[in-house]
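In what follows, chains carry the letters A, B, and so on, assigned in the order in which the sequence lines appear, proteins first and then strands, with residues in each chain numbered from 1.
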Amino acid sequence: MKKILWVALVAGLAAISLAQNSALRVEMSGVKSNDDLGRRMDLAARKFAMATARLTENARTIRHHTSAYGYYIPFSMPTRMLLTKDGQVLPGLRRPNGGPTALTLAFDAQGLPRAFPPGYQTQLQTAFDTAVSTINVVFGPPSAAGTVFVRNYDADIGDRDAVAGGYFTPNNGSGQAEIRFPVYQNAEAAYVNFVHTILLAYLGADNYAWDGFEEGVVRAAVMKIVRTPGALPVGLDPLQVEAVLESTYDVGPFYDWYNQRALGGPVFIAPNLRDVQLPPGGSTGGLYLLRYQMAGSAWAKMLVEYPGFIAQLNASLYASPSLGSDIVGLANQCQTIMNTLAGGGGATVEGLSFSNWGLRQFILETKQTNGAKLLVEPVAISSGLSGSDFGVFNVQANYFQTLANGNETLLSGTSFPIFWDSDFSRVFPTAQENQMDIAGGFGSVTPNFPDLFAGQPYRMTVDLPVLDSNARTFLPAGAIATATNPVANTFFGTVENVPLQPGDTLNVLVSWPASAVPPIAVTNGAFGTLIADSTFDVARRVTIQVVLTHNAVPSTVMTRVVDKSPGPLAVDLRVNGEGTYAFAGGLPAGISMVGFPIDPFESYAPDIFNVSAGSLLLARYNQTRTQYDLFPDTEAPTIGHGYFVRLNAAQAGFSVDGRVNPNTPSSVALKPGWNMITSPLPEQVPTTSIKVIRSTAIPTNFAISAGTDIGLDFFQFIPGANDPSSGVPETGSLIPALVFQPGVSYFVRALAPEGVSMLFFPSNPQIPPFIAHEAAKPRNDGWQVRFDLQSTDRMVSAYIGTAKGATNGFDPKLDSAMPPGIGGFQLTVTDSQPLFRDIRSVTSNQSYTLRMDGLVRGTTYSLMPNVERGKINKYLVVPDRGDRANLAITKPYRFTATGSRQTVKITVKVVD
Amino acid sequence: MKRIVILVAALLAVVGCGGGGGGPVGTASIVGRVLDIQTGGPPSPQASVGVPSAGSVLTAVEDGSFTLSANAGSNQLLVTSQYPTFSFTTASASGTTDVGDLWIGPQKITLNGRIVDSATSIPVTGAKVAFAGVSGTTNGSGVFSLAGVAYADANQASFWGIVGVVKATNYFDQNFTSSPNVAVAGVVDVGDIIVTPSNNTTPPGDPFDITGRVLPIGGSTGAVVTLKLGGSAVRTFNVGSDGVYTFWVPAGSYTITYAKAAQTAPTQNATVVQQNIVVHVPDVTLQ
């Protein structure tokens with residue numbers, strides 16, 4: 001036996017290079033026998049099955065609660081196992097030298113340990129025989145020709161809750177391609193999963209290097225095949241097949257809701273979570289099931305428009321296996337296939353070229369990004385409604401961190417969900433929905449959004465802030481099903497970014513060939529309707545338009561093409577929601593601080609900044625660590641967040657493509673302490689147009705929150721003088737800011753221990769007449785002087801003073817701390833802690849120590865006082881070097897620097 | 001006998017009210033919720049919550065909640081159920097006091113951990129830690145040990161879902177969970193819990209991946225540190241009074257030179273393997 005094993009190993013084709021996807025791998029080094037190898041393979045499969053079962057348990061439980069289908073659908077995750085020898089994958093079946101390829105199934109004879117019960121073997125063979133012609137059309141012919149052995153894996157399954165779903169190995173160590181498959185009680189589950197493993201056998205030893213492609217292509221093809229009537233064996237129930245697909249393959253109507261950045265990455269289950277078996281009884285949340293489903297649904301969209309797409313793509317892969325790990329080549333090939341199938345160039349999917357379409361499907365992101373990630377996963381509750389149920393949703397949070405090595409850490413925390421009605425007034429459904437505890441990466445609440453508009457649907461904007469992450473989703477309250485209208489609508493959604501004038505109306509049109517759906521009224525940003533047309537129920541391409549009628553003149557403000565799955569459809573229609581943001585002045589050479597008012601399509605920072613990964617210097621301050629996160633540990637550049645970036649050369653035309661939120665108030669979450677943030681809107685936002693939200697409190701104006709929940713001052717960065725060696729600025733200064741400019745990053749300090757959210761209002765909001773926020777009342781007690789430290793080309797400032805009620809310690813309402821500095825030219829009050837504004841008791845008569853950093857020896861500076869409050873006629877300067885000076889308050893103190901850092905003590909003389 | 005004890009206690013309370021002496025006076029209302037660690041839901045059968053030497057009430061069937069009248073100042077609760085009796089030390093009752101969620105289960109474990117300052121990595125003394133209704137305070141080494149925490153070997157899902165909280169003076173509150181740790185010999189060790197200073201506004205300086213110090217501190221002020229790549233200067237840093245210098249550069253093998261007037265220090269090498277891994281260069285002394 002052993003001899004056969006090793007002969008098989010050395011025979012055949014050259015070894016295949018390793019791919020990155022989630023295929024299981026078993027190393028043969030040290031294997032003692034075929035039995036030993038078999039045990040290792042089964043152990044790997046069991047571990048994978050156990051891990052995936054528990055990682056998806058919460059998600060499945062919640063889905064089952066909201067599904068018409070029951071718990072009888074076994075969880076299964078068919079996979080592929082590659083045997084390696086010294087790291088090289090063993091070869092699979094031989095490709096024929098020309099001629100057709102076909103696979104033949106072989107089962108162990110009855111009586112052998114791996115034989116199936118006779119009836120079950122017949123069932124599997126019948127499934128293959130019935131589906132094979134459809135498989136060949138949808139998935140294309142197999143990559144190789146030969147026999148695939150199908151063996152009973154059931155006895156090796158230790159945990160009945162964690163059925164592996166079977167696995168395929170292109171070479172089982174004896175040179176055989178083999179499917180190991182369980183014995184399902186549920187015939188439809190057996191059918192779906194067997195087709196899945198057959199498709200894996202069709203791929204053979206070829207593969208796509210990323211789960212978004214490999215899992216997605218196979219799952220989409222499985223859905224297409226098993227939904228084809230002619231491929232369904234006699235006696236199987238199509239509804240039960242649909243239930244299996246709903247369980248683990250298809251996100252159904254909700255693709256728009258789940259298409260979020262946190263899904264992306266080269267693999268769906270991080271190595272640490274896949275390999276470490278969770279203890280009995282343990283389960284956790286996560287977006288793992290969602291990732292598999294979204295991948296299947298993404299490629300299913302492609303099949304709606306191009307049924308032969310996957311067959312062509314696979315043929316390309318078999319012809320050139322290296323294509324599977326060449327993302328640029330794959331993207332080009334996808335476009336070529338679309339063009340071929342469309343019969344001409346410029347073919348589109350959902351109205352976009354492949355590269356543009358791919359950029360918008362986060363699940364197809366193949367590059368790893370790191371940092372904390374948050375995904376909000378709403379599930380509409382549309383059955384069993386009663387009483388005042390109007391808009392019931394289960395809102396789940398998946399919160400985790402990706403590390404540089406690809407591992408994922410499931411995070412814990414607390415979120416205070418913020419529910420905004422269509423007027424952006426905060427809604428508090430019930431007390432228990434006001435707080436979401438997140439543990440083990442998962443948390444959820446189930447609010448019932450109340451009937452606020454006399455039965456009319458409305459758009460509920462849900463912000464889920466966790467520390468400095470915020471996930472937002474738009475939900476159509478009252479648009480799907482309510483207690484009084486329990487029959488669920490089949491087409492529903494939300495519309496954003498359309499400012500309405502009095503008398504304006506908004507409608508949604510949905511059409512497809514020969515359709516006749518009347519316009520659907522949008523009320524308060526939401527809509528829902530029951531489309532009584534069976535041709536809408538199937539997977540198909542539909543065109544959706546948003547029509548604004550102003551002064552009785554209709555105009556189409558948005559047109560979107562959607563490839564829907566069978567059944568209902570939910571859409572999130574963001575009018576003018578995409579664009580290119582050109583950063584004013586581009587990015588300078590050297591160090592600068594940049595903020596994103598746009599949600600980039602790209603996730604990978606080097607692609608966004610057009611700098612190679614090895615050269616990119618990108619940093620974001622992390623108050624939790626009290627350090628900067630440095631690339632590649634930094635998060636994917638995020639809307640509303642700010643970063644330090646250091647470039648060798650200026651990028652004058654720096655721009656970013658992505659999603660924008662014109663006309664819609666947008667949120668940024670802040671963790672306690674210093675945060676680097678920016679306006680999430682592509683326009684300047686004054687503080688009078690910002691509200692601050694703390695935990696379960698009613699939103700307050702910025703001016704009122706300043707000094708209580710949020711720092712009194714916020715700062716922007718000004719690059720300093722050129723470094724004599726590099727020739728570009730390597731340091732700079734932090735100066736106070738008055739407004740939030742788009743593209744500019746600011747240091748803002750959250751004082752509330754649970755953090756805060758800031759809601760930025762656009763100048764032309766889509767909500768009813770915007771009410772100006774009240775301004776802070778000026779003080780008229782004590783005194784305040786701003787000192788400006790000036791050189792020939794730069795200026796920085798700090799404040800000193802007194803006020804009623806102030807103490808000589810740190811008063812959040814009055815004093816203002818220096819943000820985490822970048823070094824360079826800076827003026828700071830340093831008697832206690834570094835302060836930008838130091839306001840003390842009115843009875844104190846102290847000196848204030850001003851520290852000046854970033855001075856250049858031999859350069860002359862001036863320190864100019866500016867009285868902002870009170871009456872002052874003189875000030876005394878006592879420098880650490882040089883002579884003291886008693887000056888009129890209108891005169892600057894001038895000095896020539898003798899070092900990079902100097903201090904002066906200032907005492908002012910107040911006129912009684 | 002029990003009735004007599006209650007009567008005596010009531011009389012003492014009345015006497016206490018009239019005399020105005022010593023301990024707390026009056027009654028308080030204690031509210032909270034008892035949860036089963038095995039199910040994450042209310043105890044079934046119901047649990048009994050009581051104050052030692054006083055009355056008790058049954059938890060609500062639907063959600064495990066309870067409302068208990070007790071002498072003001074009471075700070076001990078006993079929960080009896082199908083499981084071993086659990087004792088909880090709470091805040092002293094006054095008016096209406098919410099004691100939060102009290103977890104019970106078939107086993108009791110000790111929850112250990114350490115509270116560490118995020119800025120300095122120094123253990124935090126005197127931090128208050130609460131988990132599953134049990135609370136404690138960190139010792140001089142920042143270590144806490146909460147005994148009598150509910151646990152179930154058969155199911156850690158609820159245990160992992162409990163959100164504990166750390167409160168320490170001059171730090172932001174910090175939540176934590178025990179996930180994915182399990183009990184070993186009756187102990188669950190959650191390791192280090194990092195807390196963030198709320199009053200530390202000291203700027204951490206600029207982003208860097210190379211850092212070092214030029215000695216003597218103070219005496220090196222004004223020293224010029226030059227970073228070179230392949231013999232060419234790529235960055236210059238003017239040392240301040242703390243002697244620290246930093247550079248933010250891509251991966252590469254660099255050399256560092258030091259000069260202040262006629263003084264110099266030995267040239268150092270710094271290899272940045274990846275730009276998120278900080279290289280700490282040994283201290284140098286000007287001579």
Side-chain angles (χ1 to χ4, degrees), chain A residues 276 278-284 404 410 412-414 437-440 591 614-617 619 621 623-634 644 646 671-673 723-726 730-731 749 751 753-754 810 817-824 833-835 853 856-857 898-901, chain B residues 117-120 152-157 159-163 165 167 171-180 182 194 196-209 221-222 226-228 232-242 246-251 274-278:
Chain A
V276 176
L278 297 173
S283 76
T284 184
L410 303 176
S412 298
T414 301
D437 291 326
I438 300 173
I591 192 166
S615 301
L616 181 60
L617 297 180
Y621 187 66
Q623 177 73 64
T624 307
R625 296 173 57 232
T626 331
Q627 292 175 20
Y628 285 92
D629 289 334
L630 304 172
F631 179 83
D633 292 334
T634 49
F644 274 114
R646 192 272 174 200
K671 63 170 66 172
D723 182 297
S725 296
S726 66
E730 304 292 350
T731 61
R749 189 169 188 237
L751 302 177
E754 64 274 48
F810 184 80
M818 283 301 297
I822 190 76
Q833 54 191 337
L835 295 175
D853 288 298
V856 177
R857 185 199 301 250
T898 56
S900 61
R901 168 181 288 184
Chain B
D117 184 307
S118 67
T120 64
D153 267 335
N155 190 344
Q156 285 86 42
F159 182 72
W160 288 346
I162 298 171
V163 178
V165 62
K167 291 178 181 290
Y171 292 89
F172 291 116
D173 292 354
Q174 180 66 50
N175 291 343
F176 71 98
T177 71
S178 58
S179 174
V182 296
I194 309 298
T196 305
S198 60
N199 66 340
N200 182 357
T201 57
T202 304
D206 48 339
F208 61 86
D209 50 13
T221 303
T226 304
L227 187 76
K228 295 180 179 178
S232 300
V234 293
R235 300 281 194 282
T236 304
F237 192 97
N238 294 308
V239 173
S241 57
D242 58 2
T246 60
F247 297 112
W248 192 22
V249 289
Q274 190 164 293
Q275 61 266 47
N276 63 332
I277 300 172
V278 177

Quiz item: Can you tell me how far CH2 of B:W248 sits from OG1 of A:T731, rounded to the nearest 0.5 angstrom?
Solution: 12.5 Å
Self-check item: chain B contacts, top residue of A:P753, A:P724, A:G673 (heavy-atom pairs, under 4.5 Å)
Solution: A:P753
Self-check item: Inter-residue atom distance A:S726.OG - B:F247.CZ, 0.5 Å rounding
Solution: 10.5 Å
Exercise. Please name the pair of heavy atoms, one in A:P632 and one in B:N276, separated by the smallest distance, quoted to 0.1 Å.
Key: CD-CG, 3.3 Å
Practice problem: Report the distance from atom CZ of A:R857 to atom CG of B:N238, rounding to the nearest 0.5 Å. | Solution: 8.5 Å
Exercise. Against chain A, label B:Q274 side chain, backbone, both or neither, depending on which of its atoms sit under 4.5 Å from a heavy atom there.
Key: side chain
Practice problem: Measure distances from B:S232 to the heavy atoms of chain A and classify the residue's part below 4.5 Å as side chain, backbone, both or neither. | Solution: neither
Quiz item: From B:T226 OG1 over to A:D723 CG, what is the distance, rounded to the nearest 0.5 angstrom?
Solution: 9.0 Å
Practice problem: Without swapping roles, check the side chain of B:Q275 against the backbone of A:L616 for a donor-acceptor pair under 3.5 Å. | Solution: yes
Exercise. Examine whether an atom of B:N175 lies under 4.5 Å from a heavy atom of chain A, and if so say whether it belongs to the side chain, the backbone or both; otherwise answer neither.
Key: side chain
Exercise. Just give me the residue among A:G899, A:A404, A:G614, A:S412 that pairs up with chain B most often, heavy atom to heavy atom, under 4.5 Å.
Key: A:G614
Quiz item: Does A:T634 have any side-chain hydrogen bond (donor to acceptor under 3.5 Å, both in side chains) partners at least two apart in sequence or in another chain, and if so, which?
Solution: none
Quiz prompt | Portion of A:S900 that has a non-hydrogen atom of chain B nearer than 4.5 angstrom | solution = side chain
Exercise. Indicate the atoms forming the closest heavy-atom contact of B:R235 with A:L617, along with that distance.
Key: NH2-CD1, 4.2 Å
Self-check item: Contact winner vs chain A - B:T177, B:D209, B:T236, heavy-atom pairs under 4.5 Å
Solution: B:T236
Quiz item: So what's closer than 4.5 Å to chain A heavy atoms on B:V163: side chain, backbone, both or neither?
Solution: side chain
Exercise. Under 4.5 Å heavy-atom distance to chain B, tell me which part of A:R901 shows up: side chain, backbone, both or neither.
Key: side chain
Quiz item: Looking at A:L630 and B:P207, what are the two nearest heavy atoms and their distance?
Solution: CD2-CB, 3.9 Å
